Amino acid sequence: MKERSSFSGRVGFVLAAAGSAVGLGNIWRFPYLAAKYGGGIFLLVYLVLVLTFGHSIMTMEIAIGRKTKLSAIAAYRSLHKGAGFLGVLASLVPIIILPYYCVIGGWVFKYLFSYLTGQQAAMAQDSFFPNFISSAHPIVWLSLFVIVTFLVVMMGVKNGIEKANKLMMPLLVLLTIAVAVYSVTLPGAWEGFLYYITPNFKNFSVTTILAAMGQMFYSMSLAMGIMITYGSYLKKEDDIEKSVHQISFFDTGIAFLAGAMVVPAVFAFSGGDQSKLNAGAGLMFQTLPKVFEAMGMARVIGIVFFLLVLFAALTSSISLMETVISFVEDRLHWHRKPACCLVGAYALVFAIPSALGYGPLSGVAPLGMSLLDFFDFISNSVLMPVVALLSCLLVGYVLKPKVIIDEVTLSSRFRSQRLFTAVIRYIAPVLIVFILITSVLSAMGILLI
Ligand code: PHE
């Protein structure tokens with residue numbers, strides 16, 4: 001068998017995994033969920049889930065990858081003959097996410113372009129975003145995003161992007177901190193900041209856990225085989241647990257800052273109108289232009305900010321596209337170039353309905369959701385929990401947690417070994433089954449929660 005290439009070291013691994021993890025999930029998705037699902041209580045549930053579930057599942061996936069030295073589908077099959085279907089199920093997740101991820105990536109492109117052409121005053125108006133997404137223009141921008149992702153993957157200049165990202169990511173953190181500090185000090189924003197960080201149990205419901213759990217899988221790039229693939233490149237002497245802590249610290253830190261940038265500003269600009277918190281997917285795009293305008297130099301800040309976000313989004317979309325391509329290569333035995341073209345064309349075509357779901361196709365509303373929300377719901381709130389549940393059952397009962405523990409302890413002590421076993425065997429399965437049943441029933445309108 002061909003020797004598998006490895007990362008140059010643990011740092012390279014952490015950066016690559018963080019590149020996949022940190023993306024639109026942190027900057028676009030986290031703030032609107034936090035705003036919608038109760039602020040501080042969402043934040044608290046999210047943190048608890050990351051520290052328990054997130055850490056355990058990420059450790060499990062990386063260890064499976066390093067142990068088997070295979071990517072998702074083959075890795076599951078090699079662990080257990082009957083588990084191959086789990087790999088297939090996991091591969092469905094990036095197939096569903098990729099197209100609509102490109103739609104949001106396209107929105108970022110549009111915003112970058114609008115700042116470049118000096119439209120900052122118009123962008124700060126309430127009507128700018130709704131006018132944009134209800135038109136057919138998003139198709140142009142998502143195409144641009146797909147094409148850029150495709151070219152990077154096809155021409156193999158991924159490393160260049162990842163190198164650039166090493167510079168862009170720290171800059172993004174600095175700019176996000178600056179904007180967050182400014183946002184919190186806007187008149188009227190403090191109340192919003194308190195809403196964001198103080199858990200209020202009145203706002204708690206099963207949907208809070210469901211939304212936080214879906215967000216955790218999405219943001220940490222879990223339950224879709226990606227971390228298995230990354231783990232397969234890791235060397236036997238590299239500390240898995242430490243890597244997991246670093247990746248999740250980075251991922252959660254950026255999400256927290258993005259929330260601090262967006263949520264308080266919603267209060268400031270609406271005069272404390274809480275209903276504005278329900279804006280959903282467009283929240284960041286509607287709020288930030290106003291913050292930038294209030295900061296002065298909106299054009300410069302807007303250009304720099306959306307450029308940085310674009311880079312973070314690209315490293316994630318590249319990792320999504322790569323995963324789908326490797327699926328086509330492995331399963332259909334296609335060569336790389338045609339596989340790239342197939343996946344690129346797929347992303348382009350299947351993104352279009354999601355892009356039009358806020359305008360021409362707004363009449364198509366499965367489960368009462370816009371098309372983009374629907375795909376997002378199916379992947380994050382249904383498929384990912386199912387994949388995570390089955391992986392936990394496989395490792396917890398069929399293979400036994402010892403398989404993972406032995407792999408982790410090859411390179412270091414496994415400090416949270418007990419927590420890991422408890423999460424994989426008991427906590428995760430029970431919670432996921434409960435959440436899945438309630439969420440599906442409520443989405444079908446059978447149960448009101
Ligand atoms: N984790 C990425 C983000 O937060 C999204 C992503 C999901 C990337 C799945 C790869 C795979 O934006």
Side-chain angles (χ1 to χ4, degrees), residues 14-34 46 49-50 54 57-58 61-62 65 71-72 89-108 145-146 149 152-153 158 161-162 165 168-169 172-173 176 211-231 244 247-259 281 284 308-327 343 347 351 372 375-385 387-388:
V14 169
L15 287 174
S20 164
V22 176
L24 294 170
N26 308 60
I27 301 159
W28 152 73
R29 202 169 185 275
F30 184 86
Y32 89 73
L33 292 180
Y46 184 77
L49 287 176
V50 168
I57 294 175
M58 192 182 269
E61 295 195 353
I62 295 175
S71 48
L89 212 55
S91 315
L92 273 180
V93 176
I95 294 180
I96 299 179
I97 294 182
L98 177 66
Y100 84 78
Y101 202 84
C102 292
V103 173
I104 315 289
W107 294 357
V108 172
F145 190 82
V146 173
T149 308
V152 172
V153 171
K158 219 172 95 225
I161 293 282
E162 263 149 31
N165 214 42
M168 301 298 228
M169 207 71 102
L172 179 65
V173 173
T176 311
M213 190 163 74
Q215 172 65 12
M216 177 206 78
F217 289 131
Y218 185 87
S219 186
M220 297 175 83
S221 301
L222 299 178
M224 60 182 96
I226 287 191
M227 289 297 157
I228 298 186
T229 309
Y230 279 122
V244 169
I247 299 164
S248 74
F249 176 77
F250 211 53
D251 189 57
T252 311
I254 296 194
F256 175 78
L257 288 172
M284 164 184 125
L308 298 175
V309 173
L310 187 64
F311 264 82
L314 277 174
T315 45
S316 296
S317 63
I318 291 166
S319 100
L320 280 165
M321 196 180 267
E322 283 282 0
T323 317
V324 182
I325 289 172
S326 69
F327 183 57
V343 175
L372 194 149
F375 291 124
D376 189 80
F377 174 78
I378 294 294
S379 58
N380 303 329
S381 301
V382 181
L383 258 182
M384 288 161 120
V387 172

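Numbering of ligands and ligand atoms starts at 1, following listing order. Owing to the predicted nature of the structure, the values given are computational and were not obtained by experimental measurement.
- Between Tyr101 and Phe145, the ring planes lie tilted relative to each other; the angle falls in the 30° to 60° range.
- Residue Ile226 approaches ligand 1 through these ligand atoms, each under 4.0 Å from one of its heavy atoms: 10 (C), 11 (C).
- Every atom of ligand 1 is numbered from 1 in the order shown, and the set under 4.0 Å from a heavy atom of Asn26 is 4 (O).
- Contact annotation: the side chain of Ile62 never approaches that of Tyr230 to less than 4.5 Å [non-hydrogen atoms, C-beta and beyond].
- Shortest contact from atom 7 (C) of ligand 1 to any protein heavy atom: Tyr218 O, 3.6 Å.
- Between Ser20 and Ser316, the side chains place no donor N or O within less than 3.5 Å of an acceptor N or O (distance only, hydrogens not considered).
- Nearest-residue assignment for atom 6 (C) of ligand 1 (options Ser221, Ser219, Gly105; heavy-atom criterion): Ser221.
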Practice prompt. Would you sort out whether Phe30 and Phe256 count as a ring-ring contact (aromatic ring centres under 6.0 Å, His included), showing the intermediate values?
Written response: CA-CA 8 Å; Phe30 184 86; Phe256 175 78; 8.0 Å; no
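- For atom 2 (C) of ligand 1, the nearest non-hydrogen atom from the set Ser20, Gly19, Gly23, Ala18 belongs to Ser20.
- By the criterion of a heavy-atom distance under 4.0 Å, neither the backbone nor the side chain of Thr323 is placed next to ligand 1.
- Polar contact with ligand 1: present for Leu24 (N/O pair, distance under 3.5 Å).
- The protein heavy-atom contact nearest to atom 3 (C) of ligand 1 is Ala21 O, 3.2 Å.
- The closest side-chain heavy-atom distance from Asn380 to Ile97 is below 4.5 Å.
- In terms of modelled atom types and a separation under 3.5 Å, the side chain of Ser219 and the main chain of Gln215 share no donor-acceptor contact.
- Between Ser91 and Thr323, the closest side-chain pair of non-hydrogen atoms is not below 4.5 Å.
- Taking a cut-off of under 4.0 Å to the non-hydrogen atoms of Gly25, the atoms of ligand 1 that pass are 3 (C), 4 (O), 12 (O).
- Counting atoms of ligand 1 from 1 in the listed order, those under 4.0 Å from a heavy atom of Ser319 are 10 (C).
- Here CD1 of Ile96 is found 10.5 Å from CE of Met224. Values are rounded to the nearest 0.5 Å.
- Ser379 has its side chain out of reach of Tyr218: every pair of non-hydrogen atoms, C-beta onward, lies at least 4.5 Å apart.
- Distances below 4.0 Å separate heavy atoms of Met224 from the following atoms of ligand 1: 7 (C), 9 (C), 11 (C).
- Considering both main-chain and side-chain atoms, Ile97 never comes within under 3.5 Å of ligand 1 through any nitrogen or oxygen pair.
- The shortest separation from a heavy atom of Tyr101 to ligand 1 is under 4.0 Å, placing the residue in contact.
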